[in-house]
Asker: 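Below is the structure I would like to discuss, written out as structure tokens.
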Amino acid sequence: MKTANELFEAYLPMIEKGLDSFLPPENAADPECSVLHRAMRYAVMGGGKRIRPVLTLEFCRLCGGDPAAALPFACALEMIHSYSLIHDDLPCMDDDDLRRGKPSTHKAFGEATALLAGDALLNRAFETALSAGQLPPAAVLQATKCLAELSGVSGMIGGQMIDLESEGRRVGTDTLRRMDQGKTVALIRAACRMGCIIGGRTEMLPAADTYAENIGLAFQIRDDMLDVEGDAALLGKPVGSDAENEKSTYVSLLGLEQASRLVEQMTETAKQTVAPFGESAAALCDLAEMLAHRVH
């Protein structure tokens with residue numbers, strides 16, 4: 001595969017089918033739980049770029065593994081990403097009414113159900129990861145531990161806490177970088193690392209980490225840029241929320257021009273980092289470019 005589009009064409013059908021099978025059925029045996037199941041599916045199956053699960057499958061392939069073997073981990077990661085978006089949108093957090101061009105989960109199902117749907121997705125994620133029985137137990141444990149660490153207090157949740165503590169006050173780029181390494185980069189790092197672990201080439205973890213950090217930070221900076229200059233119709237959510245919430249961003253601290261230069265530099269570093277994978281990493285290079293220049 002040479003392009004990012006080829007990556008998505010190859011992996012998206014597998015991911016969508018996997019998510020559908022790993023999530024609980026829409027109509028539960030216990031009628032009271034049916035609304036919870038529908039809310040979970042609403043959050044996960046209602047769109048999304050699927051960048052993280054695609055990275056898990058592709059790093060597994062590059063490391064000589066079978067992408068199908070990494071599918072439970074790819075789907076588990078997408079469930080965790082989806083639960084984090086449910087919670088992000090709640091009134092106690094970012095208070096966003098739209099997600100992916102449709103009402104946020106709490107707007108569609110109510111705050112209490114949305115909260116439980118997020119909790120249920122987090123638990124379902126680890127059920128799913130631990131269901132990968134065809135893999136060596138040591139690899140399953142290592143990959144699951146990676147997922148737990150990088151989605152928890154030392155990763156995504158820790159970054160989200162820095163974000164909350166930073167609202168309403170000006171913070172420097174060092175704090176911003178620590179926040180984004182947790183809030184945004186951590187799950188991308190988990191995606192790449194789990195692919196290497198399942199593929200059986202843990203010596204490639206440093207390269208995977210560097211690639212993930214650079215495309216993750218570039219992704220977040222581009223996200224900050226789109227909140228200023230993006231099209232709400234394309235983004236599927238309102239623009240200007242960072243300024244409204246008085247959040248420090250790379251754009252507010254550095255300006256659009258310097259932020260754009262950072263995106264380009266990090267994208268180039270990411271591309272150089274996967275050079276040890278050879279020509280087979282061409283699609284990862286193209287993906288880095290695609291994320292750097294996305295409009296939604």
Asker: Does any non-hydrogen side-chain atom of Q160 lie less than 4.5 Å from one of M93?
Answerer: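 A side-chain contact exists here, since the closest heavy-atom pair is under 4.5 Å.
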Asker: Could you walk me through whether E213 and R177 pass salt bridge (charged side-chain N to carboxylate O under 4.0 Å, His left out), step by step?
Answerer: CA-CA 10 Å; E213 178 162 353; R177 190 180 184 95; 3.5 Å; yes
Asker: Consider side chain to side chain donor-acceptor pair (under 3.5 Å). Of E6, E16, E58, which one does Y11 pass it with?
Answerer: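 Answer to the side chain to side chain donor-acceptor pair (under 3.5 Å) test with Y11 among E6, E16, E58: E58.
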Asker: Looking only at non-hydrogen atoms, find the nearest pair between A125 and A76 and report the distance.
Answerer: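 The answer is O-CB, 3.2 Å.
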Asker: Looking only at the side chains, is there a donor atom on one of D224 and Q220 sitting less than 3.5 Å from an acceptor on the other?
Answerer: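 Indeed, the side chains of D224 and Q220 share at least one donor-acceptor pair under 3.5 Å.
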Asker: Strictly distance-based, threshold 3.5 Å: is any side-chain N or O of T144 a donor or acceptor partner for the main-chain N or O of A129?
Answerer: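 The answer is no, because no donor-acceptor pair under 3.5 Å joins these two groups.
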Asker: Any idea which heavy atoms bring S166 and T175 closest together, and the distance?
Answerer: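 Heavy-atom minimum between the residues: OG-CG2, 4.1 Å.
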Asker: If you draw a 6.0 Å radius around CD in E257, do more than 12 non-hydrogen atoms from other residues or ligands fall strictly inside?
Answerer: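 Not buried by this count: 12 neighbours or fewer within 6.0 Å.
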Asker: Are any of the side-chain heavy atoms of L23 and H37 separated by less than 4.5 Å?
Answerer: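 Not touching, per the 4.5 Å side-chain cut-off.
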Asker: Supply the atom-to-atom distance L291 CG to I221 CD1, rounded to the nearest 0.5 angstrom.
Answerer: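 These two atoms lie 13.0 Å from each other.
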Asker: Going hydrophobic residue to hydrophobic residue with side-chain gaps under 4.5 angstrom, can you get from I188 over to L122?
Answerer: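 Result: yes, single cluster for both.
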Asker: I need the single residue from T269, L55, T184, V185 that forms a side chain to side chain contact (heavy atoms under 4.5 Å, CB included) with I215. Which is it?
Answerer: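 The residue from T269, L55, T184, V185 that satisfies side chain to side chain contact (heavy atoms under 4.5 Å, CB included) with I215 turns out to be L55.
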Asker: In terms of hydrophobic clustering (I, L, V, M, F, W, Y; side-chain heavy atoms under 4.5 Å; direct or indirect links), are L36 and F126 co-clustered?
Answerer: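 L36 and F126: one cluster.
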Asker: Which pair of heavy atoms, one from A4 and one from M290, lies closest together, and at what distance?
Answerer: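 In terms of heavy atoms, the two residues are closest at CB-SD, 4.0 Å.
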Asker: Quick test of your reading of the model: are K107 and D89 salt-bridged, counting only N-O distances below 4.0 Å?
Answerer: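 Salt bridge flag = no for D89 with K107.
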Asker: Applying a strict under-4.5 Å side-chain criterion to I, L, V, M, F, W and Y, I'd like to know whether L116 and M79 cluster together.
Answerer: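 L116 and M79: one cluster.
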Asker: Quick check for you: to the nearest 0.5 Å, what is the distance between T105 atom OG1 and I86 atom CD1?
Answerer: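 If we round to the nearest 0.5 Å, T105:OG1 and I86:CD1 are 4.0 Å apart.
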Asker: Residues two or more places apart in sequence or in another chain: which of them pass salt bridge (charged side-chain N to carboxylate O under 4.0 Å, His left out) with D163?
Answerer: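 Expected list: K183, K247.
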Asker: What pair of heavy atoms forms the shortest contact from I197 to A139, and how long is it?
Answerer: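 For I197 and A139, the tightest heavy-atom pair comes out as CG2-O, 3.7 Å.
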Asker: Would you say L262 ends up clustered with L256 if hydrophobic residues are merged whenever their side chains have heavy atoms under 4.5 Å apart, either directly or through other cluster members?
Answerer: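 Both belong to a single hydrophobic cluster.
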Asker: Taking 4.0 angstrom as the limit, do E78 and K49 come out as a salt bridge?
Answerer: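 Salt bridge between E78 and K49, a charged N being under 4.0 Å from a carboxylate O: no.
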Asker: Can you tell me how far the OG atom of S252 sits from the CG atom of D227, to the nearest 0.5 Å?
Answerer: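 The CG atom of D227 is 10.5 Å from OG of S252, to the nearest 0.5 Å.
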Asker: Output all residues satisfying ring pair (Phe, Tyr, Trp, His ring centres under 6.0 Å) with F277, sequence neighbours left out; order by chain, then residue number.
Answerer: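 Partners of F277 under the ring pair (Phe, Tyr, Trp, His ring centres under 6.0 Å) test: F59.
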Asker: In terms of side-chain geometry, is the basic nitrogen of R41 or D20 positioned less than 4.0 Å from the acidic oxygen of its partner?
Answerer: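 The answer is yes: the pair qualifies as a salt bridge.
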Asker: Do you know the tightest heavy-atom contact between A191 and L77?
Answerer: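 Answer, listing the atom of A191 first, then L77: CB-CD2, 3.3 Å.
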Asker: I need the C192 SG to R52 CZ distance, nearest 0.5 Å.
Answerer: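 Reported to 0.5 Å precision, the distance equals 10.5 Å.
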Asker: In terms of side-chain geometry, is the basic nitrogen of R189 or D209 positioned less than 4.0 Å from the acidic oxygen of its partner?
Answerer: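 Yes.
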Asker: For the backbone of N27 and the side chain of S34, can you confirm whether one donor and one acceptor N or O come within less than 3.5 Å of each other?
Answerer: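 No, because the side chain of S34 does not come within donor-acceptor range (under 3.5 Å) of the backbone of N27.
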Asker: Please tell me whether L85 and I157 are part of a single hydrophobic cluster in this structure, the criterion being side-chain heavy atoms less than 4.5 Å apart.
Answerer: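 The answer is no; the residues belong to distinct hydrophobic clusters.
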Asker: Less than 4.5 Å apart, side chain to side chain, heavy atoms only: is that true for F73 and V140?
Answerer: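 Answer yes - side chains close enough.
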Asker: Ignoring hydrogens, what is the shortest heavy-atom contact between A143 and M194? Give both atom names and the distance.
Answerer: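 The pair with the smallest heavy-atom distance is O-SD, 3.6 Å.
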Asker: I want to check something: taking the side chain as every heavy atom from C-beta on, are Y250 and V263 in contact at a cut-off of under 4.5 Å?
Answerer: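 With C-beta onward as the side chain, the pair stays apart.
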